[in-house]
Novice: 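The following block contains the structure, expressed as structure tokens.
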Amino acid sequence: MITVSNVSKVYSLESGDFYALKNNNIHIEKGEFVAIMGPSGSGKSTLLQLLGGLDVPTSGDIVVDDTQLNGLNEKELTQFRRTKVGFVFQNYQLLPMMTVGENIALSLSANQASKAQIKSTVGQLLSDVNLVGKESQFPSQLSGGQQQRVAIARALAMKPKLILADEPTGNLDQKNGEDILKLLSKLNKEEQMTIVMVTHDIQAAQVADRIITVRDGLIVEEGKKGGYPNETVENRLA
Ligand SMILES: Nc1ncnc2c1ncn2[C@@H]1O[C@H](COP(=O)(O)OP(=O)(O)OP(=O)(O)O)[C@@H](O)[C@H]1O
Ligand SMILES: [Mg+2]
């Protein structure tokens with residue numbers, strides 16, 4: 001499903017080239033639920049953005065579901081993001097001036113779905129995330145947990161095979177966080193969606209099949225916890 005080969009993301013700073021990610025390789029199977037952990041600044045969000053085509057690597061190859069991302073132009077990348085990937089962020093990123101229904105329908109509208117299609121898909125998604133009756137409300141009228149469920153419904157609208165979630169429970173209390181994790185688990189098990197989730201919470205990571213640990217731009221552990229090699233920030237300054 002996802003193959004990352006020799007991927008680096010380099011920022012040119014006055015102090016030299018800074019490797020946000022340095023020469024990483026990963027393979028994620030179709031239908032896997034993978035958690036990405038690691039300290040702040042280690043490169044987790046950068047990795048997720050590269051996987052979802054929100055950003056491009058400085059070097060290396062990324063293949064998602066038979067699509068080689070490096071070969072795509074801006075327009076093709078936009079289409080890839082819109083149709084193949086569902087994004088969920090820590091701060092929900094709903095559009096405040098649009099209703100819940102309009103937020104969920106965004107990618108459908110962008111892909112010229114008919115009014116009837118939009119209505120039936122949005123209705124189904126609202127029921128899937130347990131928000132029936134909230135369609136005409138605005139995000140500011142919902143709780144954090146409800147807003148995150150809207151964001152998940154929006155991510156699901158195009159039936160993507162891949163969900164990329166960056167700290168989806170980061171702003172939620174225990175109960176709401178658990179509900180979101182249950183929902184992601186259900187999508188993974190029942191719809192065979194591949195899920196890659198960044199989290200700081202070891203308990204949240206336990207719902208995943210596998211934990212990948214990133215430290216100082218390097219993937220240092222796959223599948224196990226603890227035992228970091230002695231990598232430092234200096235290693236990333238070339
Ligand atoms: N545009 C940029 N220019 C320079 N450095 C950047 C840029 N974007 C990110 N970085 C650096 O890349 C590194 C990785 O950032 P990233 O956002 O991936 O970290 P993270 O692991 O997601 O951290 P957090 O857990 O705090 O969200 C950080 O050291 C960051 O400062
Ligand atoms: Mg981050």
Side-chain angles (χ1 to χ4, degrees), residues 2-26 28 33-62 64 69-70 74 77 81 85-94 144 147-148 151-152 155 162-174 176-177 180-181 184 194-208 210-238:
I2 300 178
T3 305
V4 168
S5 314
N6 297 316
V7 163
S8 295
K9 180 70 187 180
V10 187
Y11 293 107
S12 294
L13 304 177
E14 274 178 28
S15 48
D17 282 351
F18 180 80
Y19 282 76
L21 289 171
K22 193 165 189 175
N23 222 16
N24 287 292
N25 296 286
I26 326 168
I28 295 172
F33 192 150
V34 172
I36 299 182
M37 299 195 78
S40 180
S42 57
K44 306 179 297 295
S45 295
T46 305
L47 178 60
L48 219 61
Q49 282 169 0
L50 297 181
L51 296 182
L54 283 170
D55 201 352
V56 290
T58 309
S59 59
D61 286 323
I62 299 177
V64 176
L69 299 192
N70 311 47
E74 225 12 82
L77 262 183
R81 287 193 296 264
V85 190
F87 292 96
V88 181
F89 301 95
Q90 178 174 0
N91 56 359
Y92 328 129
Q93 297 205 5
L94 300 173
Q147 289 185 56
Q148 193 59 301
I152 291 176
L162 174 63
I163 298 280
L164 299 176
D166 200 345
E167 301 190 43
T169 61
N171 280 349
L172 303 177
D173 64 20
Q174 180 90 9
N176 278 301
I180 295 297
L181 292 171
L184 291 175
T194 308
I195 301 184
V196 184
M197 174 180 76
V198 171
T199 182
H200 281 288
D201 177 357
I202 186 69
Q203 267 181 316
Q206 299 304 325
V207 303
R210 180 155 68 111
I211 300 176
I212 292 177
T213 306
V214 185
R215 198 172 174 90
D216 290 340
L218 294 165
I219 290 169
V220 292
E221 285 281 327
E222 284 198 60
K224 291 184 288 179
K225 281 159 260 162
Y228 302 126
N230 191 23
E231 290 297 338
T232 62
V233 167
E234 285 68 42
N235 288 1
R236 288 197 282 170
L237 292 170

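Each ligand, and each atom within it, is numbered from 1 in the order the structure gives. Hydrogens, waters and symmetry mates are skipped; everything else that's a heavy atom, side chains included, is used.
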Novice: Using heavy atoms and a 4.0 Å limit, tell me yes or no: is Gly217 in contact with ligand 1?
Specialist: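 Gly217: no contact with ligand 1 (<4.0 Å).
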
Novice: Decide side-chain contact (heavy atoms from CB on, under 4.5 Å) for Met197 and Leu181; before the verdict, give the C-alpha distance in whole Å, the side-chain angles of both, and the deciding distance to 0.1 Å.
Specialist: CA-CA 10 Å; Met197 174 180 76; Leu181 292 171; 3.7 Å; yes

Novice: Can an N or O of Ala20 be found at a distance shorter than 3.5 Å from an N or O of ligand 1?
Specialist: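 Looking only at distances, the answer is no, because the N/O contact criterion of under 3.5 Å is not met.
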
Novice: Taking only heavy atoms of Thr46 into account, list the atoms of ligand 1 that are under 4.0 Å away from them.
Specialist: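 Counting from 1, the qualifying ligand atoms are 14 (C), 15 (O), 16 (P), 18 (O).
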
Novice: Main chain of Asp201, side chain of Thr199: is a donor-acceptor contact present, judged purely on distance under 3.5 Å?
Specialist: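 Looks like yes, one N/O pair under 3.5 Å.
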
Novice: Per the side-chain contact (heavy atoms from CB on, under 4.5 Å) rule, which among Asn24, Leu21, Val4, Val7 passes with Ile219?
Specialist: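 When Asn24, Leu21, Val4, Val7 are each tested with Ile219, the side-chain contact (heavy atoms from CB on, under 4.5 Å) holds only for Asn24.
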
Novice: Within the structure, is a non-hydrogen atom of Ser42 found at a distance of less than 4.0 Å from ligand 1?
Specialist: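 In this structure, Ser42 qualifies as a contact of ligand 1 - some heavy atom is under 4.0 Å.
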
Novice: Return yes if some donor-acceptor pair links the side-chain N/O of Asn25 with the main-chain N/O of Asn6 below 3.5 Å, else return no.
Specialist: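 Side chain of Asn25 to backbone of Asn6: a pair is present.
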
Novice: Quick one: which of Ser45, Ser40, Gly43 has a heavy atom closest to atom 26 (O) of ligand 1?
Specialist: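 Closest candidate by heavy-atom distance is Ser40.
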
Novice: Give me the one residue out of Ile26, Val198, Ile36 that meets side-chain contact (heavy atoms from CB on, under 4.5 Å) with Val214.
Specialist: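 Considering Ile26, Val198, Ile36, a side-chain contact (heavy atoms from CB on, under 4.5 Å) with Val214 is found only for Ile36.
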
Novice: Which ligand 1 atoms, with their elements, are less than 4.0 angstrom from a heavy-atom of Pro39?
Specialist: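 Matching atoms, with element in brackets: 21 (O).
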
Novice: Can you name the atoms of ligand 1, numbered from 1 with element, that are less than 4.0 Å from a heavy atom of His200?
Specialist: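 By the 4.0 Å cutoff, the relevant atoms are 25 (O).
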
Novice: With a cut-off of 2.8 Å, does any N, O or S atom of Gln90 fall short of it relative to the Mg ion (ligand 2)?
Specialist: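 No.
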
Novice: Looking at CG of Leu164 and CG of Leu51, how far apart are the two atoms once the value is rounded to the nearest 0.5 Å?
Specialist: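 Between Leu164 CG and Leu51 CG, I get 6.0 Å after rounding to 0.5 Å.
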
Novice: If we only consider heavy atoms of Lys9, is any one of them less than 4.0 Å away from an atom in ligand 1?
Specialist: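 It does not, in that no heavy atom of Lys9 comes within the 4.0 Å cut-off of ligand 1.
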
Novice: Looking at Phe18, which atoms of ligand 1 are within less than 4.0 Å of one of its heavy atoms?
Specialist: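 Listed by number with element: 11 (C), 12 (O), 13 (C), 29 (O).
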
Novice: With atoms numbered from 1 as shown, which atoms in ligand 1 lie under 4.0 angstrom from a non-hydrogen atom of Glu167?
Specialist: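 So the answer, numbered in order with elements, is 25 (O), 27 (O).
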
Novice: For Lys9 and Thr58, what are the C-alpha separation, side-chain angles and deciding distance, and is it a side-chain contact (heavy atoms from CB on, under 4.5 Å)?
Specialist: CA-CA 5 Å; Lys9 180 70 187 180; Thr58 309; 3.9 Å; yes

Novice: Any side-chain to backbone donor/acceptor pair from Asn70 onto Ile62? Under 3.5 Å, distance only.
Specialist: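 Yes, the answer is positive, given that a donor and an acceptor are paired below the 3.5 Å cut-off.
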
